[in-house]
Amino acid sequence: MSRSELSERAELEQAAVRLLAIREHSRAELRRKLQSRCDAPALLEQVLDGLEQQDYLSDARFVEQYVSSRKLKGFGPVRIRQELLERGVASTLADPSTDPGDSEWLTLISQCCRRKFGDSLPADFRERAKRARFLEYRGFPCELIRSFLWSDPAGEL
C-alpha cells in the first residue's frame with residue numbers, strides 16, 4: 001500500500017469510528033455515509049471488514065438497538081421491519097426481531113393505543129376504525145389490530 005492509501009484508510013477508519021460512536025449503524029448505512037470520502041470502493045470495503053472484525057460494526061447489534069428504540073416509540077413490527085430493510089439490513093436479521101407472533105407486540109399495541117386514546121373503550125365502529133387506522137400507520141399488522149380492537153374480554157365491546 002502506498003502512503004496515500006494508508007492515509008486514506010486511516011481517515012476512513014477515523015470517520016467510521018466517529019459515526020459509530022454517535023450511534024450504531026448498519027454496514028450499508030456506514031458505506032453510504034463514507035462513499036463520498038473514498039474514491040476506491042475496494043478500500044472502503046476493506047475498512048468496513050476491519051471494523052466488523054474488531055466488532056465495532058455489527059448489523060446484529062444494530063438490529064437489536066434499532067428495534068428496541070422503535071418499540072419504545074410505539075412502532076409495530078411491520079414498520080420496523082421495513083425501516084430495517086431500507087437501512088440495508090438483511091431480512092434474515094430483520095425477520096426474527098420483528099416477528100408479529102411475539103406476545104410482546106400485543107402489550108406494545110395496548111400501550112400505544114392507551115397513550116394516544118386514553119383508557120376509554122371505543123364507543124362505536126367509527127372510533128374503532130379510527131384506532132385501527134392509527135395502529136396500522138404505526139406498523140402493526142392487521143391481524144394483531146383486529147384481535148386487539150375487536151376482542152371483548154369484558155363483554156363491553
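This structure is a prediction, so every number in the text was calculated from the model and none was measured. We count residues from 1, following the sequence as given.
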Heavy-atom count around [X] [atom1] within 6.0 Å, excluding the residue itself: above 12?
X      : atom1 : value
Glu127 : CD    : yes
Arg126 : CZ    : no
Arg23  : CZ    : yes
Lys130 : NZ    : no

Can you pull the ring-ring contact (aromatic ring centres under 6.0 Å, His included) pairs that have at least one residue in residues 86-131, sequence neighbours excluded?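 Non-adjacent pairs meeting ring-ring contact (aromatic ring centres under 6.0 Å, His included): Phe117-Phe134.
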
May I have all residue pairs that pass ring-ring contact (aromatic ring centres under 6.0 Å, His included) and include part of residues 14-42, sequence neighbours excluded?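 Every pair satisfying ring-ring contact (aromatic ring centres under 6.0 Å, His included) with a residue in residues 14-42: there are none.
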
Atom pair [atom1]/[atom2] of [X] and [Y] - distance to nearest 0.5 Å:
X      : Y     : atom1 : atom2 : result
Leu12  : Ser7  : CG    : OG    : 9.5 Å
Arg61  : Ser26 : CZ    : OG    : 12.5 Å
Cys112 : Lys73 : SG    : NZ    : 13.5 Å
Asp59  : Glu29 : CG    : CD    : 9.0 Å
Gln82  : Ile80 : CD    : CD1   : 12.0 Å
Ser58  : Glu24 : OG    : CD    : 7.0 Å

Quick one: closest heavy-atom pair of Leu30 and Ala16, and the distance?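 That closest heavy-atom pairing would be CD2-CB, 4.1 Å.
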
Identify the heavy atoms of Phe140 and Gly74 that sit nearest to each other, and give their distance.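 Smallest heavy-atom distance, with atoms named: CE1-O, 3.7 Å.
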
In residues 92-101, what donor-acceptor pairs under 3.5 Å come from side-chain atoms, sequence neighbours left out?
| unit_1 | atom_1 | unit_2 | atom_2 | d |
| --- | --- | --- | --- | --- |
| Asp95 | OD1 | Arg81 | NE | 2.4 |
| Asp95 | OD1 | Arg81 | NH2 | 2.9 |
| Thr98 | OG1 | Ala94 | O | 2.8 |
| Asp99 | OD1 | Gly101 | N | 3.1 |

Full working for side chain to side chain contact (heavy atoms under 4.5 Å, CB included) between Asp49 and Glu52: CA-CA 5 Å; Asp49 289 341; Glu52 280 183 340; 4.3 Å; yes

With Asp119, which residues qualify under side chain to side chain contact (heavy atoms under 4.5 Å, CB included), at least two apart?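 Applying side chain to side chain contact (heavy atoms under 4.5 Å, CB included) to Asp119 gives Arg114.
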
Pairing residues for Glu45 by the side chain to side chain contact (heavy atoms under 4.5 Å, CB included) criterion, not counting sequence neighbours: Arg27, Arg31, Leu48

Side-chain contact test, heavy atoms from C-beta onward, threshold under 4.5 Å: evaluate it for [X] versus [Y] and give yes or no.
X      : Y      : result
Leu135 : Leu144 : no
Gln46  : Leu43  : yes
Leu57  : Phe62  : no
Tyr66  : Val89  : no
Arg87  : Leu84  : no

Quick one: which residue pairs count as a salt bridge (charged side-chain N to carboxylate O under 4.0 Å, His left out) with a foot in residues 135-144, not counting sequence neighbours? none

Is the shortest side-chain N to carboxylate O distance from Arg70 to Glu83 below 4.0 Å? yes

Is it true that [X] and [Y] fall in one hydrophobic cluster, defined by side-chain heavy atoms closer than 4.5 Å?
X      : Y      : answer
Ile109 : Tyr137 : no
Leu85  : Val63  : no
Val78  : Phe148 : no

